[in-house]
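Remember, it's a predicted structure, so these values are computed and weren't measured experimentally.
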Amino acid sequence: MTNILTNFFYIILKTRVANYHFPQGASIIFTPLSVSVVILLSDSNSNPNDSSHSSTNFMLKPVLKISFLWCFKRLLKLRFSATETLYSVFLHRHHETMSNAWYYQSMQEFEVVCKPQFQTLDNVTHGNNLFIKPELYCTLDSSSGSGSCTLDSPVTESSVTDDLNDFRHKLRQLETVMLSDLYEDPENNGKLSVGNGVVDFPDIEIWKEMVEGVPKRDLKDVLIACANAVSVNDYATSQLLISELQQMVSVSGEPIQRLGAYMLEGLVARLSNSGSSICSPASHELLSYTNILYKVCPYFKFGYMSANGAIAEAMKDENRVHIIDFQIGQGSQWVPLIQAFAARRGGPPHIRITAFDDSTSAQTRGGGLNIVGQRLCRLARSFNLPFEFHPVSVSVSEAGLQHFRLRTGEALAVNFAFVLHGLADESVSTENHRDRILRLVKSMKPKVVTLVEQESNTNTAAFYPRFLEALDYYNAMFESMDVSLPRESKERINVEQHCLAKGVVNIIACEGDERVERHELVGKWKLRFMMAGFSPYPLSSLVNGTIKTLMKKYSERYRVEERDGALYLGWMNRDLVASCAWN
């Protein structure tokens, strides 16, 4: 049975690769687990007129490789296709006497069956001649030393029809069993029960053994292989690997399966040049999902706490504090800082916040910055803290000195929390808003500037290394999600889909000004700040200790480290978020 299936798979694979145009001299190599298409190349330095074998070097160049596992999955999906026709004829030509033998089939038959007119069962009628002529075949078991072989009789139309109907029935049984929850029912003599029904499928153990015997490819390896094919514009291989990935990923599976689903979406979007349409503004539901992410995962909380700690330390003796927030979002960062200033010895200072907005946050909250301002004003009033809120209606890239309304006697703090990576730098635009904004802030002579960013290198990297970086970074992030939200949780699926997946797809699918997720490592941010004239500002050891204690409440696998003047939040051995301060 296994040998028959192996040869049957060979026919399917031959049919599959027949759709591709290979270079002259390409050959198909058949192995127990796959079919490879290769071409034999000779050394360009060899002399074509020299008949000596020693003067010519040859090498095999792989063109295409398809695994039997891919073929088997396709078999389960095909009900009324040429596959059934091929297998029914194949079973008839090689009956029980050949079940344990290796044999050869005329390639002429394969070429005929691969033609378009034999692609569906509807075309197999009594008026069609399935083969050009009856071919001879031989078995290894029946071959004698004299080279003779056992001959079989030609295929009749009635036998083909009978085998075809029988195979349809078996294939439906197999599909039902393989795609359903099944168990052996002792009350039915060991037959397999599927749901409320019983399936008599005596060969199921053979199929199980065959599927389990085929080694499963690692999902991460397939993702990397597909990204590499996309990077070198190998469209044929990309499509084959995408087809394989579609069977491996799941938004409700293990972390790598969930991440793989969104990375696959990004690869497909990149091939179809549709990345900008997928990376559309978020819906109003993003607000609730963002709140869930903020509660269950420490990324934002870590960044906000470290930035607030630096600001509170720098402003501990100031009576009037002006904070410029270049992306205030929902204003969540400033709630604990207002509470801390209200409890300060000697009374709270006068606080003024100048806030910039972004389109995603505006649509998320369902309104402009006035919603955030009113919320913070109510909070400050409840603590008897003098407070002003100044919204700015232009984007960060358009910000100028006139938008800040600087006042004499105010100590200035500037906050860059998860915002600078979205500004185009010199690799995208000659305007280089990323460095321009830093120089603009430096000209205002702030007392402290805080930076919080994802610790990832996806800005100027080419597509393939950028893909590898995103795979490593987000795999750690998706693994950390399992600690806080159950795998079957709909909330987790929504949080990952609406809060994380958009960034993954943008990194993979988009280029130029359409790619807004352009993260840099702390080392690169340090160079930018120093070139703008800033100096490092020391972080508070007391605040850092508080953050470390808090992170342990989430999971022991989170780690907080202070290195070279920056504070890092990591998951196991991967840094995820970094925070530092400047003046």
Side-chain angles (χ1 to χ4, degrees), residues 275-276 279-282 299-300 303-304 307 323-330 333 353-364 369 391-404 412-444 446 448-462 466 469-470 473 502-534 566 577-582:
S276 58
C279 304
S280 57
Y299 315 124
F300 293 110
Y304 293 161
I323 300 173
I324 298 176
D325 191 345
F326 278 96
Q327 185 171 298
I328 197 168
Q330 311 306 317
Q333 176 176 353
I353 294 181
T354 298
F356 286 77
D357 202 5
D358 63 284
S359 58
T360 300
S361 297
Q363 188 171 1
T364 297
L369 287 174
V392 180
S393 58
V394 301
S395 65
V396 176
S397 60
E398 298 173 343
L401 196 60
Q402 69 277 11
H403 296 113
F404 302 109
L412 179 62
V414 178
N415 184 59
F416 289 114
F418 304 105
V419 58
L420 281 180
H421 74 269
L423 296 181
D425 69 345
E426 66 278 3
S427 66
V428 181
S429 170
T430 55
E431 294 178 314
N432 190 4
H433 293 297
R434 189 171 296 192
D435 290 335
R436 185 188 70 83
I437 289 296
L438 291 180
R439 292 193 296 269
L440 175 64
V441 170
K442 178 59 180 176
S443 69
M444 295 187 289
V448 65
V449 178
T450 56
L451 171 71
V452 181
E453 281 291 350
Q454 294 177 225
E455 183 67 356
S456 181
N457 184 23
T458 61
N459 182 23
T460 58
R466 188 169 76 239
E469 171 71 3
Y473 181 88
K502 182 180 176 182
V504 174
V505 173
N506 183 264
I507 290 172
I508 296 173
C510 300
E511 294 292 349
D513 56 3
E514 291 182 348
R515 182 159 63 87
V516 296
E517 299 294 331
R518 293 179 169 273
H519 305 283
E520 293 182 323
L521 301 176
V522 165
K524 186 60 180 291
W525 288 119
K526 287 182 177 180
L527 290 176
R528 291 188 184 278
F529 272 81
M530 288 188 290
M531 288 177 62
F534 289 98
V577 182
S579 175
C580 55
W582 304 81

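Scanning both residues, R434 and L423, for their nearest heavy atoms gives NH2-O, 2.8 Å. Nearest heavy atoms, E520 versus D425: OE2-OD2, 4.1 Å. Across all their heavy atoms, V516 and N506 have their closest contact at N-OD1, 3.0 Å. R528 and N459 get closest at one heavy-atom pair: NH2-ND2, 4.1 Å. A417 and Y304 make their closest contact through CB-CE2, 4.1 Å (heavy atoms, listed as atom of the first residue, atom of the second, distance). Between A307 and V452, the closest heavy-atom pair is CB-CG2, 4.2 Å.
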Take L451 and V522 through the test side chain to side chain contact (heavy atoms under 4.5 Å, CB included) and record every step on the way to the result.
CA-CA 9 Å; L451 171 71; V522 165; over 6 Å; no
With side chain to side chain contact (heavy atoms under 4.5 Å, CB included) as the criterion, how do I324 and F356 come out once you've worked through the C-alpha distance, each side chain's angles and the decisive distance to 0.1 Å?
CA-CA 8 Å; I324 298 176; F356 286 77; 4.3 Å; yes
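Scored by the ring-ring contact (aromatic ring centres under 6.0 Å, His included) test, W582 finds F529 as partners (sequence neighbours excluded). Residues meeting the side chain to side chain donor-acceptor pair (under 3.5 Å) test with S443, sequence neighbours left out: none. Every residue meeting the ring-ring contact (aromatic ring centres under 6.0 Å, His included) condition with H421, not counting sequence neighbours, appears here in chain and number order: H519. In terms of the salt bridge (charged side-chain N to carboxylate O under 4.0 Å, His left out) criterion, residue partners of E469 (sequence neighbours excluded) are, by chain and number, R574. F300 meets the ring-ring contact (aromatic ring centres under 6.0 Å, His included) test with F418; sequence neighbours excluded. Every residue meeting the ring-ring contact (aromatic ring centres under 6.0 Å, His included) condition with F416, not counting sequence neighbours, appears here in chain and number order: F326.
A distance of 7.5 Å separates OG in S395 from NE2 in H433, rounded to the nearest 0.5 Å. The OH atom of Y473 sits 9.5 Å away from the OG1 atom of T458 when rounded to the nearest 0.5 Å. Going from atom NZ of K526 over to atom CG of L521 covers 11.0 Å, rounded to the nearest 0.5 Å. Between E431 atom CD and S397 atom OG the span is 8.0 Å, to the nearest 0.5 Å.
Counting only distance, with no hydrogens or angles, the side chain of N415 and the backbone of Q327 share no donor-acceptor pair below 3.5 Å. Judged by distance alone, the side chain of R439 and the main-chain N or O of G533 form no donor-acceptor pair under 3.5 Å.
P446 places a side-chain heavy atom less than 4.5 Å from the side chain of V441. By the 4.5 Å heavy-atom criterion applied to side chains, L438 and V449 are not counted as neighbours.
Taking a cutoff of 4.0 Å between a charged side-chain nitrogen and a carboxylate oxygen, R466 and E517 do not qualify as a salt bridge. Look at E453 and K524 and you find no salt bridge, because none of the NZ, NE, NH1 or NH2 atoms lies under 4.0 Å from a carboxylate O.
Taking a 6.0 Å sphere around CE of M444, one finds it holds more than 12 heavy atoms contributed by other residues, nucleotides or ligands.
Of the listed residues (V414, V448, T354, I353), just one forms a side-chain contact (heavy atoms from CB on, under 4.5 Å) with I323, and that residue is I353.
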